[in-house]
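Notes for the one structure printed next.
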Amino acid sequence: MLTQIIIQNFGLIDRLSIDFSEHLNILTGETGAGKSIIIDALRYVLGERLETSLVRDPKQSCLIQASFELTVKELRDHHLFTDYLQEGESQLIIERVYEATGRSKIKINGLALTLGQLKEIGNHLIDFHGAHDHQMLLQEHQHILMLDKLVKWDNLKNSYSESFQTYSHLKTQLEELSTLAKTNQRDFELLKHQIAELERVPLEESEYEKTEQEQIKINNAQRLSSCVDQILNLFDDEDTGIESLMRKAFGPLRTLNQIDSSTTSFSNELTNAQENTQNFLNSLRAYAESLSFDTHAAETINAQYDIYQDIKRKYGPLNEAREFYAQAKQKYDQLNNFEHNDAQLRKKIEEQKCELTKLAQKIFKKRQTAALDLKTTIEKELTELGISHVAFEVRFEKTDFNKDGHEHVVFFISPNAGEELKPLAQIVSSGEAARVMLALKKALINVDVIPVLIFDEIDAQIGGRLGTITGKKLKELAKNRQVLLITHLPQIASFADTHLKIFKSVKNGRATTQVNQLDESGRIKEIAEMMSGQSKSEISITHAEDMLATARKTKTPVSKV
């Protein structure tokens with residue numbers, strides 16, 4: 001439940017703190033006093049965009065803070081809330097600040113979060129219904145979503161969704177194959193030529209680098225051989241070569257060892273140097289032999305190198321050429337084996353369609369059962385709300401498979417005796433739509449876990465004659481939910497568990513919104529004034545007392561929300 005809201009520098013509000021109670025909280029006051037601004041503040045703190053014109057003083061920060069008590073375990077354990085609650089905690093404090101610099105800050109229990117995360121959390125805390133929100137009833141695509149809330153799906157919808165995705169993917173593959181099949185012979189031959197062109201050499205980077213090195217060696221073979229010969233001559237010359245000089249060094253080194261035994265290690269080092277030199281010369285001679293290319297080998301390597309350059313010029317870097325080749329090969333194979341691939345895909349589609357049909361039929365049966373329950377509830381509630389000869393029906397129209405199933409759902413209604421049922425969007429008045437929405441909320445009360453319902457003057461199209469009945473319905477709705485309601489009808493206001501009067505006062509020469517929680521005496525005066533505009537009229541006072549007494553006979557709710 002919403003326990004408190006603090007509003008600062010917003011609309012007509014300088015600074016305001018409002019405490020709410022369980023069950024039915026009703027806000028009344030003159031038009032323009034600021035009732036809807038309080039609802040706007042709640043919408044903002046739960047993620048809606050801020051109209052900067054609502055910031056009272058642009059030089060100061062605007063702050064909205066809403067405190068919630070998550071009394072339902074299902075909500076506390078929801079993954080959206082667990083990051084913000086310590087073990088055993090149930091209080092959620094949401095704070096949104098719009099600074100004078102234009103920056104915005106969002107925190108829950110001191111932890112920062114994004115606007116997207118806030119909106120998702122808000123959708124699980126409060127269900128808003130303004131004077132125009134009942135228009136969603138007139139949007140047929142919303143009807144299936146409303147009906148589905150009444151169904152216990154278990155894993156059925158997930159299974160259908162997975163099956164539908166597979167079915168859609170197979171159909172897309174078939175469409176792509178059919179499009180490919182329309183490729184003309186010229187394009188087919190071009191595809192064949194491109195594949196053959198790319199298959200002339202390996203497309204791996206390592207193979208290209210190897211060919212490039214070989215090509216460099218071929219084109220520089222004479223220079224490389226000359227360098228190798230110079231190095232070998234420095235080592236091999238009998239008189240001045242390094243190898244000869246190292247051999248001659250062993251004579252004086254042996255004498256040195258005989259005189260000074262500490263120099264024995266020098267002999268080992270010179271031996272190692274001689275062996276390393278020999279290994280080096282062996283490697284150099286082997287390299288010299290590799291520089292000997294026959295004409296055919298040289299031509300082959302140069303041709304391969306030229307092919308690589310041609311491929312890179314036409315298709316880009318080798319990684320892009322490899323990707324192009326894979327796609328071209330797949331298209332070619334599909335076209336070359338069109339009849340086989342086409343038959344295989346069609347077979348898979350039929351098998352998947354069979355599975356999808358079975359799941360869709362199960363979904364349809366569950367919706368049929370829910371539709372009958374909804375019909376019974378809506379007709380009962382609307383009859384009590386003054387539409388005495390109402391007939392309501394949920395109708396199904398078969399469609400192609402889609403993400404929601406195999407049918408389109410439309411609400412039909414006849415508000416008057418003897419009239420044919422027609423689509424809800426075609427015949428209901430705004431007042432009837434408001435009552436249908438209220439009846440729908442009553443139908444969904446046991447399956448919708450959102451703890452707070454807010455009605456912003458939803459009674460605007462409901463006359464005083466139905467006010468008492470509507471008030472009773474709201475009271476019943478508030479048994480299992482916290483309800484916040486703005487109303488101008490005294491009949492509805494008389495059912496409040498907590499009655500808040502919103503009014504304007506002048507502070508420092510500027511109008512500002514204030515709020516008072518009314519006691520019994522204050523409620524009598526407020527309801528009397530709502531009825532006649534004269535709070536001190538004896539008749540209006542008597543009528544207000546009678547109205548409150550009648551409302552009190554409605555059993556006070558006791559369940560937690």
Side-chain angles (χ1 to χ4, degrees), residues 172-173 176-237 240-244 246 272-341:
T172 300
Q173 285 183 309
E176 290 174 351
L177 185 62
S178 299
T179 302
L180 277 175
K182 296 174 184 177
T183 302
N184 59 42
Q185 187 63 30
R186 182 179 176 183
D187 292 337
F188 182 74
E189 290 300 326
L190 174 62
L191 202 60
K192 184 178 180 181
H193 167 75
Q194 290 170 327
I195 291 169
E197 188 174 45
L198 289 165
E199 286 180 340
R200 287 188 294 168
V201 291
L203 297 177
E204 288 76 21
E205 291 285 347
S206 59
E207 292 295 328
Y208 167 69
E209 290 171 0
K210 182 179 176 182
T211 300
E212 186 179 38
Q213 288 301 316
E214 290 294 312
Q215 198 264 351
I216 291 172
K217 286 167 66 176
I218 289 171
N219 291 341
N220 294 277
Q222 188 173 355
R223 288 181 62 195
L224 294 172
S225 294
S226 176
C227 290
V228 170
D229 288 342
Q230 290 179 45
I231 296 170
L232 287 174
N233 287 335
L234 289 172
F235 279 85
D236 289 344
D237 188 275
T240 60
I242 294 175
E243 246 194 323
S244 175
M246 289 179 73
N272 290 336
Q274 190 179 38
E275 290 176 354
N276 289 336
T277 300
Q278 191 59 49
N279 290 335
F280 167 70
L281 291 173
N282 290 339
S283 298
L284 194 61
R285 291 186 183 102
Y287 176 73
E289 290 179 7
S290 73
L291 296 176
S292 177
F293 297 96
D294 61 52
T295 304
H296 177 70
E299 289 176 351
T300 300
I301 290 171
N302 278 323
Q304 277 191 321
Y305 182 77
D306 290 341
I307 291 170
Y308 275 117
Q309 295 307 310
D310 190 45
I311 287 173
K312 292 173 77 174
R313 179 176 56 82
K314 289 182 179 179
Y315 302 99
L318 287 184
N319 64 316
E320 294 180 11
R322 286 196 302 272
E323 185 177 344
F324 181 89
Y325 171 77
Q327 293 174 352
K329 190 74 166 62
Q330 183 183 28
K331 289 180 182 178
Y332 180 81
D333 290 343
Q334 286 177 332
L335 288 171
N336 213 26
N337 301 285
F338 173 75
E339 291 184 2
H340 173 74
N341 291 333

Could you pull out all residues at least two apart from F324 that satisfy ring pair (Phe, Tyr, Trp, His ring centres under 6.0 Å)?
Y315
Could you grab the distance from atom [atom1] of [X] to atom [atom2] of [Y], nearest 0.5 Å is fine?
X    : Y    : atom1 : atom2 : result
Q327 : L191 : CD    : CG    : 11.0 Å
Q194 : K192 : CD    : NZ    : 13.5 Å
T277 : L284 : OG1   : CG    : 12.0 Å
H193 : L198 : NE2   : CG    : 9.0 Å

Looking only at side chains, do Q309 and Y208 share a donor and an acceptor under 3.5 Å apart?
yes
For a 4.5 angstrom cut-off between non-hydrogen side-chain atoms, does L281 reach R285?
yes
Between Q215 and Q304, is there a side-chain heavy-atom distance shorter than 4.5 Å?
no
Give the C-alpha distance, both sets of side-chain angles, the deciding distance and a yes or no for side-chain contact (heavy atoms from CB on, under 4.5 Å) between E197 and D310.
CA-CA 10 Å; E197 188 174 45; D310 190 45; 3.6 Å; yes
Going through the checks in order, is the side-chain contact (heavy atoms from CB on, under 4.5 Å) test met by K210 and E204?
CA-CA 10 Å; K210 182 179 176 182; E204 288 76 21; over 6 Å; no
Which pair of non-hydrogen atoms, one from [X] and one from [Y], has the smallest distance, and what is that distance?
X    : Y    : answer
P202 : E207 : CB-CG, 3.7 Å
I195 : A328 : CD1-O, 3.6 Å
K329 : E199 : CE-OE2, 3.8 Å
Y325 : L203 : CB-CD1, 4.2 Å

Using side-chain hydrogen bond (donor to acceptor under 3.5 Å, both in side chains) as the criterion, list what pairs up with R200, not counting sequence neighbours.
none
Check this for me: K314, atom NZ, are more than 12 non-hydrogen atoms of other residues, nucleotides or ligands nearer than 6.0 Å?
yes
Derivation of the side-chain contact (heavy atoms from CB on, under 4.5 Å) call for Y305 and E214:
CA-CA 9 Å; Y305 182 77; E214 290 294 312; over 6 Å; no
Would I307 and T211 count as a side-chain contact (heavy atoms from CB on, under 4.5 Å) here? Give the steps.
CA-CA 11 Å; I307 291 170; T211 300; over 6 Å; no
